[in-house]
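In what follows, chains are A, B, ... by sequence order, proteins preceding strands, each numbered from 1.
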Protein chains: 2
Amino acid sequence: MPDSRVTMKDVARASGVSPATVSFVLNDSPSQTIPAATRERVHRVAAELGYVPHGVARALREGASRIVVLNVARLPHGGASLAGFVDALDDELGRFGHALLVRYRDRPDDTDRLIAAISPRAVLDLDRLYFEADPEIADGGWIDGLAAHTSVQIRYLAEQGHVELAMALRDDPGIERLAALRRDYAGRILADLGLPELRTLSVGWSVEDDRRAVASFLERHPSVTAIAGLDDDAALRVLAALRDLGVPVPDQVAVIGFDDSPLGELFSPALTTVHIDGAEFGRRAARTLLDEPPGSEAPGPATVIRRASA
Amino acid sequence: MPDSRVTMKDVARASGVSPATVSFVLNDSPSQTIPAATRERVHRVAAELGYVPHGVARALREGASRIVVLNVARLPHGGASLAGFVDALDDELGRFGHALLVRYRDRPDDTDRLIAAISPRAVLDLDRLYFEADPEIADGGWIDGLAAHTSVQIRYLAEQGHVELAMALRDDPGIERLAALRRDYAGRILADLGLPELRTLSVGWSVEDDRRAVASFLERHPSVTAIAGLDDDAALRVLAALRDLGVPVPDQVAVIGFDDSPLGELFSPALTTVHIDGAEFGRRAARTLLDEPPGSEAPGPATVIRRASA
DNA sequence: GGGTGTCACTAATTCGATTTAGTAACGGAG
DNA sequence: CTCCGTTACTAAATCGAATTAGTGACACCC
């Protein structure tokens, strides 16, 4: 395994020109006029030798590597649409010669060090996005989408005739920002609709604790007839608690999830939920980050997957 | 925002030495003798100026960046222990000044291009690991663990008195290698125990298809009394199908999962499963990759989380 | 035929950290 | 007093690609 890297110099020598010319040809340098014959020769030789540009050297020269960092430390890892978002982001960046570096953990100065160390082309920080709500951030519409998707979830319940609604949150500190935001959006939508204030409850510990939390909530708010989950996980926990408590679903209390996890349909009753096309957002985010035109239409709105629970 | 990077040259000037000396001090260069006074001064100045080494420049010089690539394209993303593995790997690499780049997609030449482009310090490819079973690979014992963990799952069923066992696989082409390996291990363990050959069935499409698959399986193999899931997802699908078919669990058929997903306990009956400490494997993998001593004891064996389903 | 332009390239510098080869300065031994 | 060895540094080369500032060699126009 001779770790002999083919450099631009090798290509230059083999095709009888200078490294500079090779660079001009391979990068389609607009300020240079190079005859088709030379271009073709250089391209052919590069392909023959299997030349691959050394990203590190290029990054040093250009001041930024072709890497995009995505920070999702404070978001639930399991979300189905987030997975789609990440996959599509990765794919689309790859199409433009970039790679995605996903950070799941957030030790703050560590992230700064990382950034200083690899000079990423861009950093997409979904955490800060959710927290600071800076409209300038290139997220492909993800954050605006969150408001719209929440609206789909809440309005569905309203259309079914429910009046007093609650949202089931999770006390996981890792996602409190997301939780606060979703709850906020939901509250505003209820106000728009002229419905009573949103109640909230928390689930997410043991099954027994969840059951106790749900029981005590229903006792305090007997007129609530529908519960929207922060995500499918929260909704399924509520569903399990209601089952254990013997509360009929959806007749006494309806439950709707958020973000269409594959397990929702396995439950009994099967979980009604909101499907979000994370992939399209990911694709758009990639293009925004690289200053490319969007190239495709804005993602469609979220859709309700109607099953038995609401 | 003056994006003025503090370079080694700046530190050198401010502390009255040459860049070379700064490098020697900051890297504890063993071949150099530098008096404590100078060391201290350089360190202090570097801290004051907020000097952060430029990873890209360093990578160019050293031939490899301080990045480790983890390829998990063909594994289920949702696995609880894999998440722990990845998190711990990331943490531990960070502790040694390295960053983890997780690849979820596997367009093969693309990965090669990525590797050529960023010169990672190491590549941990769990896919190839599972496929090629190369004992040299630095996975912190993950792959050996898989055999051991499978053993825990199968032996539990045997200890409960089950004789004819089946494994529920998933037809997802993304995980076929993992599936083949797990099935293989399970088969060998049954042989060791002197039990009949392992049966297999496939689930993973729609709920209806799963139900049909399970029903037809039970018809063909009425003497099978226990089903081990490839993972919790497969096990939960079997569990849902058995519920819909009215088959009593665990009385007629017992079900055990694998990899302790948080949703297993929400089901009714709650899913018995195998808990794997992925984090410890991740930590060990990180150290192996960087040629550091393990630093902690080998991970404990997997444990059975006993619930109602088996 | 001299001046101006374009064409087709190349030499040399740059990015920032590391490392090799080297050089003053000094102390001690012979 | 010279030679050797150590100490405490520094100059310069290196990694590979991108880019600026040129440089010949022509062609064309007046």
Table please: side-chain donor-acceptor pairs of residues 37-49 of chain A below 3.5 Å, with sequence neighbours left out.
unit_1	atom_1	unit_2	atom_2	d
A:Arg39	NH1	A:Ile34	O	3.4
A:Arg39	NH2	A:Asp28	OD1	2.7
A:Arg41	NH1	A:Ser15	O	2.4
A:His43	ND1	A:Arg39	O	3.2

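- For the segment residues 36-54 of chain B, the set of residues with a heavy atom within less than 4.0 Å of an atom of DNA chain D comprises B:Thr38, in numerical order.
- Of the possible donor and acceptor atoms, one in the side chain of B:Asp259 sits under 3.5 Å from a partner among the backbone N and O of B:Ser81.
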Could you list the donor-acceptor pairs under 3.5 angstrom formed by side chains in residues 19-27 of chain B, with sequence neighbours left out?
unit_1	atom_1	unit_2	atom_2	d
B:Thr21	OG1	B:Ser18	OG	3.2
B:Ser23	OG	B:Asn27	ND2	3.3
B:Asn27	ND2	B:Ser23	O	3.0

TODO: Quick one, give me the B/S/- string for nucleotides 21-28 of chain D, reading 5' to 3', where B means a protein heavy atom under 4.0 Å from the base and S means that only happens at the primed atoms, P, OP1 or OP2.
DONE: --------
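- In terms of the salt bridge (charged side-chain N to carboxylate O under 4.0 Å, His left out) criterion, residue partners of A:Asp10 (sequence neighbours excluded) are, by chain and number, A:Arg13.
- Annotation: salt bridge (charged side-chain N to carboxylate O under 4.0 Å, His left out) contacts of A:Asp260 (sequence neighbours excluded): A:Arg307.
- For the salt bridge (charged side-chain N to carboxylate O under 4.0 Å, His left out) condition, the pairs that include at least one residue of residues 62-72 of chain A, sequence neighbours left out, are A:Glu62-A:Arg66.
- Comparing the end axes of the helix from C:dG1-D:dC30 to C:dG30-D:dC1, each fitted to five base pairs by superposing C1' atoms of four pairs onto the next four, gives an inter-axis angle of 70° (nearest 10 degrees).
- With sequence neighbours left out, the salt bridge (charged side-chain N to carboxylate O under 4.0 Å, His left out) criterion links B:Asp171 to no other residue.
- A:Pro35 comes within 4.0 angstrom of the backbone, heavy atoms only, and of no base.
- DNA chain C lies under 4.0 Å from at least one heavy atom of each of the following residues of residues 56-67 of chain A: A:Leu60, A:Arg61.
- Residue B:Ile118 contributes atom CD1, which lies 17 Å from atom P of D:dG16 at whole-angstrom precision.
- Rounded to whole Å, the distance from CD1 on B:Ile34 to P on D:dT7 is 12 Å.
- Looking at heavy-atom distances under 4.0 Å, B:Ser23 makes contact with a base.
- Extent of DNA chain C lying under 4.0 Å from chain B heavy atoms, first and last nucleotide in 5' to 3' order, is C:dG16 to C:dT20.
- In this structure B:Ala59 satisfies the side-chain contact (heavy atoms from CB on, under 4.5 Å) test together with A:Val56, B:Ser65, sequence neighbours excluded.
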